[in-house]
Number of protein chains: 2
Amino acid sequence: MRISELSRRSGVATATIKYYLREGLLPPGRATAATQAEYGEAHVRRLRLIRALIGVRGLSVGAAKDVLDVISEGKSDTHELLGLVFGIWPSGDGGGKGTEEEGDGLGVDHLLAEMGWTVSEHNPAREVITRTLHTLNSLGVEYGWRELLPYAALAEQTATLDLDQLEGPDDPLEKAERAVLLTILLEPALLALRRLAQEAESTVRHRG
Amino acid sequence: MRISELSRRSGVATATIKYYLREGLLPPGRATAATQAEYGEAHVRRLRLIRALIGVRGLSVGAAKDVLDVISEGKSDTHELLGLVFGIWPSGDGGGKGTEEEGDGLGVDHLLAEMGWTVSEHNPAREVITRTLHTLNSLGVEYGWRELLPYAALAEQTATLDLDQLEGPDDPLEKAERAVLLTILLEPALLALRRLAQEAESTVRHRG
DNA sequence: GCAACTAGGCAGTAGCACTGTCTAATATAG
DNA sequence: CTATATTAGACAGTGCTACTGCCTAGTTGC
């Protein structure tokens, strides 16, 4: 199919498709002439995935590209693949200025030790937690790794559920895509579930 | 203190402080003359909170204003207060076009019934979950409310932890701020914990 | 009395995510 | 074999957000 049909089938404007092609989010079609290219079902699918990452999860175009690059990497080793997926973070400024400051991390390492978690030194999630704890403390809320422990225990159960659902597809590409979808696309839904549960629990306590 | 000291103490440029004043995120200082105003500790604190909501959680200035408005509302009824807090969502486009479509919700109501949760019809979290499920299905992942159930059970435990930590402050303002901090500011950290747990769990399974 | 500071207003900027326009090259219908 | 439509690729322009700078008139501290 040509670009206009790809646009119609995916609901993305041709100008936008060209933009994604330029940015490398969408692989180029098979060129049949200087001004003609052929796109396939994979392109329709990829476009839908792009819109989901950007629209549903709220990733920037650049972050979405990082995610898609990981999928296209085609790593067959699940563990290695997940390492790449988990290294992606949306809150872009992660480390803008002064990344080398604060060697302590407010006990994040202690949290990991307590949970018995083995995690790469380079995982950006460490930074996110450290920064959150710092911010809470600077706002007068006494919060440290101890307070996070029960949440970590729940996160562990969540992760178990997550990984269970990655069993199945043997095709590396399919597996990578499923990992991305269930890890990244599910994030807003998990936060939404928490808010629903908060409201429900608040209602229960209020009635009591 | 005057604006320059407020700027120095908070680390926010005076031009930006004026911008927040214009946008209503920061209450005006006590005017002592036509070109002079007095700011207090509350302003320093509020500024830090603003930067945390925008910088750490990634809220837009508009969404941050909604949050701050809820805090300033000064609701003394905890349940009512939390209802306001939980009604805030960052993924701005929530309902851009065609909000009235899709009456089904892919069984979100069924999920709520199964969990025994009583939740306002108006809670934006419903929409978020519905949209996520729709998106997953359109991408070929068979996912419905049944698959979310175990996550909902974990979310319920999370919410219990959350509400336990809101016991304490009697002052409505303080309580509201704590609710906001522990609900909204903690969100990136909870997702980060999940990713850490995922990597750790993946490592364990890989070794096995 | 005079430099330094300030409130308020508004214009300008930078970055992001598109969106529109243009050119040269096909494609297709009649 | 024309006339009309479509396309790839390049690049300029747009709309929005979140500031940032500048100006004016007024105020403060020495």
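Throughout, a chain's letter reflects where its sequence line sits, starting with A, and its residues are numbered from 1. Worth knowing before you read on, the calculation uses all heavy atoms, side chains too, and leaves out hydrogens, waters and symmetry mates.
- One finds a salt bridge joining Glu41(A) and Arg9(A) here, because a Lys/Arg side-chain nitrogen approaches an Asp/Glu carboxylate oxygen to under 4.0 Å.
- Contacts with DNA chain D (heavy atom under 4.0 Å) in residues 45-53 of chain A: none are found.
- In summary, Arg45(B) and Glu177(B) engage in a salt bridge, as defined by a charged side-chain N under 4.0 Å from a carboxylate O.
- Between Glu121(B) and Arg126(B), at least one side-chain nitrogen of the basic residue sits less than 4.0 Å from a carboxylate oxygen of the acidic one, meeting the salt-bridge criterion.
- Regarding contacts with the backbone of dT19(C), a side-chain N or O of Thr16(A) is found under 4.0 angstrom from either OP1 or OP2.
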Sequence-aligned protein contact record of nucleotides 6-12 of chain D, with B where the base is within under 4.0 Å of a protein heavy atom and S where only the sugar-phosphate is: -BBB-B-
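- Across the protein-nucleic acid pair, Leu26(A) atom CG and dA17(C) atom C1' stand 16 Å apart, rounded to whole Å.
- Salt bridge status for Asp69(B) with Lys65(B): present, with a side-chain N to carboxylate O gap under 4.0 Å.
- Here dC19(D) presents its C1' atom at 8 Å from OH of Tyr20(B), a figure rounded to the nearest Å.
- With hydrogens and angles left out, the side-chain atoms of Ser138(B) and Arg51(A) include no donor and acceptor closer than 3.5 Å.
- Rounded to a whole Å, the CD atom of Glu23(A) is 9 Å from the C1' atom of dA17(C).
- Distance Arg30(B) CZ to dA7(C) P: 12 Å, rounded to the nearest Å.
- Rounded to an integer number of Å, the gap from NZ of Lys65(A) to C1' of dC18(C) is 18 Å.
- Distance from the side chain of Ala13(B) is smallest to dT20(D) among dA18(D), dT19(C), dT20(D).
- Here ring pair (Phe, Tyr, Trp, His ring centres under 6.0 Å) pairs that include residues 32-55 of chain B, with residues two or more places apart or in two chains, are Tyr39(B)-His43(B).
- Minimum heavy-atom separation, Gly55(A) to Arg131(B): O-NH1, 4.1 Å.
- The pair Arg2(B)-Glu5(B) does not count as a salt bridge, with every side-chain nitrogen at least 4.0 angstrom from each carboxylate oxygen.
- There is no side-chain donor-acceptor pair under 3.5 Å between Glu199(A) and Trp117(B).
- The CG-C1' distance, from Leu25(B) to dT17(D), rounds to 13 Å in whole Å.
- As a whole-Å value, the separation of Tyr19(B) OH from dT17(D) C1' is 7 Å.
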